[in-house]
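See below for the structure under consideration.
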Amino acid sequence: MALPKEKEALSYERLENVRNIGISAHIDSGKTTLTERILYYTGRIHKIEEVKGKSGVGATMDFMELEREKGITIQSAATFCKWGENNINIIDTPGHVDFTIEVERALRVLDGAIMVLCGVAGVQSQSITVDRQMKRYNVPRLAFVNKLDRQGANPYRVAGQLKEKLGLNPIMVQIPIGAEDQFVGIIDLVNMDATYFDGDNGENMRVEKIPADYMAKAEEYRQKMIEGLGDVDDEVATLFIEGKEVSNDLIRKAIRRQTLGLKMVAVFCGSAYRNKGVQKLLDGVAAYLPNPKERINKAYDLNKGEAEVILEASPDKPFVGLAFKLEDGRYGQLTYLRLYQGTLSKGDFIMNAKDERRIKVGRIVRMHANDMVDIDSARGGDIIAMFGIDCHSGDTFCHEDIRYSMTSMFVPAPVVSLAVKPKDKTMGNNFSKALNRFTKEDPTFHVHQDEESSETIMSGMGELHLEIYCERLKREFGVETETGQPQVAYRESITKATPFDYTHKKQTGGQGQFAKVVGVIEPHTDPAIDYEFVDEVVGGRIPREFIPACDKGFKEQLKKGLLIGFPVVNVKVRLQDGAFHVVDSSEMAFRICAQTAIREFYHKAGPTILEPIMKVEVETPDEFQGTILGGLNQRRGMILGTTTSGNICTVTAEVPLSEMFGYSNDIRSGTQGKATFTMEFSRYSSVPKSKQEELTKKYAEERAKANK
C-alpha cells in the first residue's frame, strides 16, 4: 500500500540538514531494533514491533516473510524520517556475512554510518568486516554500544576493543548510569548532564543534574574526552596545553570536524530494546555526521578520456546518479538511486552512461521499507527509487549532455556452489526467470551451466545465502527445487616457474595454421592478482597484431584448470619469443597455440589446489569450550585464540570451508543449543597432499562417467 504523496522534495537550501546514514553491525547486535526505535521517536511509525515479537508482525524494516520467520535481516531496506530540522535517509543492513553485499552497496552510497556493537560481546568477526567496508569507502561513523541492560555489558571494554581490534580512535562522549539490570540512563560528557528515558517506550526524555555518586567518574571521562580530542584537533590542543577551559560549543565543533576527517569515532551508549539512549544518538547523527555537501564524490568523464570530475550536490548542475540496488517490486523492477548532482524530475530523459541508452523517468518514490511515497522530483544528496528502468546494479545515470561514470562497489567472489533443478520440469520457464532476476539483483549470486553434467549450478556466499534463494524460488515463483550437495569454490594455481615452447601446425589442404609461442608461466608475486600477461617479444618474432590473441588464449585456458576443472589463479605468463608464417599464421592459430601451450606444460609447473579458508568465531558457555576446540580441530581448524568474558568463551579459528558443512547441527547438539557461530571468507590456501589426490581422483571419475 502506497503512503500519501509527499508534495515537498528536499530543498537544496536545506541540504545542510540532510543525513544519509547506514546502520551496520555484527549479526544480532540490535541494528533492526535500533532502526525501529528511530522510526518511532521520529514519528515515522506509531507502534514499536520487535524482530521476534509475539504479535508475529515483525519489525518495520524486516518486511520479507522470510526475514520475519528467521528473525534476521536478509536484504537492506531504506526509509526516511525527520529529527528536528534534519531529514534522515536510513538504510538498515543485514549482519550475516552471507549477505555482506547488502552492506557493501549501502556504504558505497551513504555519507555516514552508525556502527552498532553489543555491549557484552563487543567487537565481533562481522564488526571487523563492517569496519573494513567503512574504511574502503571512507565513511565517517558513530559507534553505538547497545544492549547495556544485558548481564556482562561493559561499554568501556568495548571502546577499548575499537582501538585494539580495529585500530580506530574511540572517544566516549557518553557514559552509562548503572549497569546491566540497573542501567537507567546516560551522562552526556559534552553537556555534563544526565538523561533518563521515561514512559512506556522511553519517549519522554528527562534531563537532570548528574547524580552525586557519578560526578567524579563523569569529570574523569570528560577530561579523557578533551585529552583525546586534543590529540587530533589543534584548536582543542592549544587550549588544553595553555590550561584554558574548552567550551562545550568548541567540543561539539571539534568532534564534528574530526569525525568527518576520520580521525576519531564518537562512542554513544544505550539499550535500543529497553528504549534508552536512541534519541541522544539521533542528536549525535545530526550534530556530527556529514551532510551531502561535505562529502567528496568523484566521477569520470567518458567523453574526455575518463578525466576525473568532482560532483557537487547542487540542483543547477547536470544530473548524476548511481543505481546501487535492484528489487523486483509489485510494479516491475525497482531501482534504488543515490543522486549526487543536479535534479531528477518525472518526465525527464536521462542516459545510462554504460550503454548510452536514453531513458524516460516515470514514477519516482521514496522508500519506507516496502511502502512508497510518490514524489515529483529529487535533488543531489537524496536517495530515491524509480520504476521501469532496465539496468544493472552499479550503473551510472546522467544528464544527456554529459557522460559521467562512477566507480561501483566492491563485490566479493562466491565461495559455495550448489547444483539445483526444478522438481517439476514444466516449471522450467519460471525457474529460469527467477534465477535471471536473482543474478540481476545480487552481484554475489552467480548461476552457470556445468559443461559436462549440464546441471544448473548456483553459487553464493554461504549455505544460508543459497538456502534463502531456494526458499524464494518456492515462495515467489512457485518452483520447488532439488539440490545436490554444497560444493566448495576451489581454485587451482601453480607453485614453480616453468618455461614453455610450443609450435602449433595444422595443414588441411587449403590455408593451414601455424604459430609458435615461447615463454615462462610462473606464480604471481601478488596473491591478489589472478592473472597477468607480460609481452617481452622483441624483433617482430610475433607480429604485434597476434599478441592479443596469445593473451586471449592463455586467459581462456586458465579459466578451467586440469586438476579439478576450477579457475587457475595467481599466475603470470611471460611471452618471450615465437615464430609465424606469412600465409598460415592468424589470430586463431596463435590463440589455439597459447591454449595448447598451457595444457602441455601445466603439469610441469607444480599445480596445486587452493581451498577457501574461513574465519570462524564461536561464542559458547565456558563449560563447552573443550567440545568446541575438539570439534574445530577435527575439522582441520587452526585455533587463532580464545577470550573469556564472564562465563562466555569466544573461540576464533581458521577452518577450511569444505569441513564446515553441517557444523551448525553439530554445534547445536554438542552444546545443548547454547553456542552460536559466525564465519566469513578469509583467504585461499593449498589443500593437503592427500586431499588434493582425493579431489583429483574424484574429478577424473566424474569426467570419465560424463564421457560415457
Which heavy atom in [X] sits nearest to a heavy atom in [Y], and how many Å separate them?
X: Asn20; Y: Pro292; value: ND2-CG, 3.8 Å
X: Tyr490; Y: Val687; value: CE2-CG1, 4.3 Å
X: Lys135; Y: Leu166; value: NZ-O, 2.6 Å
X: Cys391; Y: Phe397; value: CB-CZ, 3.6 Å
X: Ala353; Y: Arg403; value: O-NE, 3.0 Å
X: Leu117; Y: Ala143; value: CD1-CB, 4.1 Å

Name the one of Asn570, Asp551, Val568, Val569 that satisfies side-chain contact (heavy atoms from CB on, under 4.5 Å) with Tyr531?
->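 Option passing the side-chain contact (heavy atoms from CB on, under 4.5 Å) with Tyr531: Asp551.
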Which of these, Ile384, Ile364, Ile383, Ile389, sits in a side-chain contact (heavy atoms from CB on, under 4.5 Å) with Leu337?
->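 Running side-chain contact (heavy atoms from CB on, under 4.5 Å) over Ile384, Ile364, Ile383, Ile389 with Leu337 returns exactly one hit, Ile384.
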Quick check: do [X] and [Y] have side-chain heavy atoms less than 4.5 Å from each other?
X: Thr650; Y: Gln124; value: no
X: Glu617; Y: Val651; value: no
X: Arg105; Y: Pro443; value: yes
X: Tyr340; Y: Met406; value: yes
X: Ser393; Y: Glu441; value: no
X: Pro567; Y: Lys559; value: no
X: Met386; Y: Val361; value: yes
X: Ser432; Y: Met427; value: no

If you count the non-hydrogen atoms of other residues, nucleotides and ligands that lie under 6.0 Å from CD in Glu306, is the total more than 12?
->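 12 or below, so no.
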Using a cut-off of 6.0 Å, state whether more than 12 heavy atoms not belonging to Asn429 lie near its atom CG.
->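 No, the 6.0 Å shell around CG holds no more than 12 heavy atoms from other groups.
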Does the side chain to side chain donor-acceptor pair (under 3.5 Å) test come out yes or no for Glu556 and Gln595, once each step is laid out?
-> CA-CA 7 Å; Glu556 283 180 355; Gln595 286 177 309; 3.0 Å; yes
Listed by chain and number, what are the side-chain hydrogen bond (donor to acceptor under 3.5 Å, both in side chains) partners of Arg491, not counting sequence neighbours?
->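 Once residues adjacent in sequence are excluded, Arg491 has no partner under the side-chain hydrogen bond (donor to acceptor under 3.5 Å, both in side chains) criterion.
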How would you list, by chain and number, every residue that makes a side-chain hydrogen bond (donor to acceptor under 3.5 Å, both in side chains) with Tyr684, sequence neighbours excluded?
->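 Per chain and number, Tyr684 pairs via side-chain hydrogen bond (donor to acceptor under 3.5 Å, both in side chains) with no residue.
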Is the shortest side-chain N to carboxylate O distance from [X] to [Y] below 4.0 Å?
X: Lys615; Y: Glu680; answer: no
X: Glu654; Y: Arg683; answer: yes
X: Lys440; Y: Asp390; answer: yes
X: Glu659; Y: Arg636; answer: yes
X: Glu471; Y: Arg475; answer: yes
X: Lys698; Y: Glu694; answer: no
X: Asp111; Y: Arg338; answer: yes
X: Lys31; Y: Glu36; answer: no
X: Lys421; Y: Glu455; answer: no

Specify whether Phe533 and Phe554 have parallel, tilted or perpendicular ring planes, treating 30° as the upper limit for parallel and 60° as the lower limit for perpendicular.
->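 Judged by the thresholds at 30° and 60°, the geometry between Phe533 and Phe554 is tilted.
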Say you draw a straight line from [atom1] of [X] to [atom2] of [Y]; how long is it, rounded to the nearest 0.5 Å?
X: Ile38; Y: Ile114; atom1: CD1; atom2: CD1; value: 4.5 Å
X: Thr620; Y: Ile667; atom1: OG1; atom2: CD1; value: 7.0 Å
X: Ile609; Y: Thr696; atom1: CD1; atom2: OG1; value: 4.0 Å
X: Ile90; Y: Ile21; atom1: CD1; atom2: CD1; value: 4.5 Å
X: Lys354; Y: His392; atom1: NZ; atom2: NE2; value: 5.5 Å
X: Ser29; Y: Phe144; atom1: OG; atom2: CZ; value: 11.5 Å

Would you check, one step at a time, whether the test side-chain contact (heavy atoms from CB on, under 4.5 Å) holds for Val103 with Ile101?
-> CA-CA 5 Å; Val103 186; Ile101 190 63; over 6 Å; no
So, do Tyr404 and Tyr300 have ring centers that fall under 6.0 Å from each other?
->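 Here the rings of Tyr300 and Tyr404 have centres that are no less than 6.0 Å from each other.
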Please list, chain by chain and in numerical order, all residues satisfying ring pair (Phe, Tyr, Trp, His ring centres under 6.0 Å) with Tyr469, sequence neighbours excluded.
->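 Ring pair (Phe, Tyr, Trp, His ring centres under 6.0 Å) list for Tyr469, sorted by chain: Phe438, Phe445, His465.
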Check the pair Leu695, Leu563 against side-chain contact (heavy atoms from CB on, under 4.5 Å), reporting the backbone distance first and the verdict last.
-> CA-CA 8 Å; Leu695 290 169; Leu563 292 180; over 6 Å; no
Using only atom types and a distance under 3.5 Å, with no angle test, would you say the side chain of [X] pairs donor to acceptor with the backbone of [Y]?
X: Glu480; Y: Lys423; value: no
X: Arg108; Y: Thr407; value: yes
X: Gln692; Y: Pro607; value: yes

Might you work through the salt bridge (Lys or Arg N to Asp or Glu O under 4.0 Å) test for Lys555 and Asp530, ending with a clear yes or no?
-> CA-CA 10 Å; Lys555 195 183 292 184; Asp530 288 342; over 6 Å; no
Any chance you could lay out the salt bridge (Lys or Arg N to Asp or Glu O under 4.0 Å) test for Arg437 and Glu476, step after step, and finish with the verdict?
-> CA-CA 11 Å; Arg437 175 185 141 190; Glu476 297 173 30; 2.8 Å; yes
With no hydrogens and no angle check, do the side chains of Glu104 and Tyr137 hold a donor and an acceptor under 3.5 Å apart?
->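 The criterion, which ignores hydrogens and geometry beyond distance, is satisfied for Tyr137 and Glu104.
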Please step through side-chain contact (heavy atoms from CB on, under 4.5 Å) for the pair Met458 and Cys470, ending with a clear verdict.
-> CA-CA 10 Å; Met458 60 181 191; Cys470 287; 3.1 Å; yes
Step by step, work out the side-chain contact (heavy atoms from CB on, under 4.5 Å) result for Lys560 and Phe566.
-> CA-CA 5 Å; Lys560 194 168 185 179; Phe566 280 88; over 6 Å; no
Applying the side-chain hydrogen bond (donor to acceptor under 3.5 Å, both in side chains) test to Asp131, which of Arg141, Lys165, Arg136 qualifies?
->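 Per the side-chain hydrogen bond (donor to acceptor under 3.5 Å, both in side chains) rule, the option paired with Asp131 is Arg141, out of Arg141, Lys165, Arg136.
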Stepwise, does the side chain to side chain donor-acceptor pair (under 3.5 Å) test hold for Tyr602 with Glu492?
-> CA-CA 11 Å; Tyr602 184 66; Glu492 295 184 30; 2.6 Å; yes
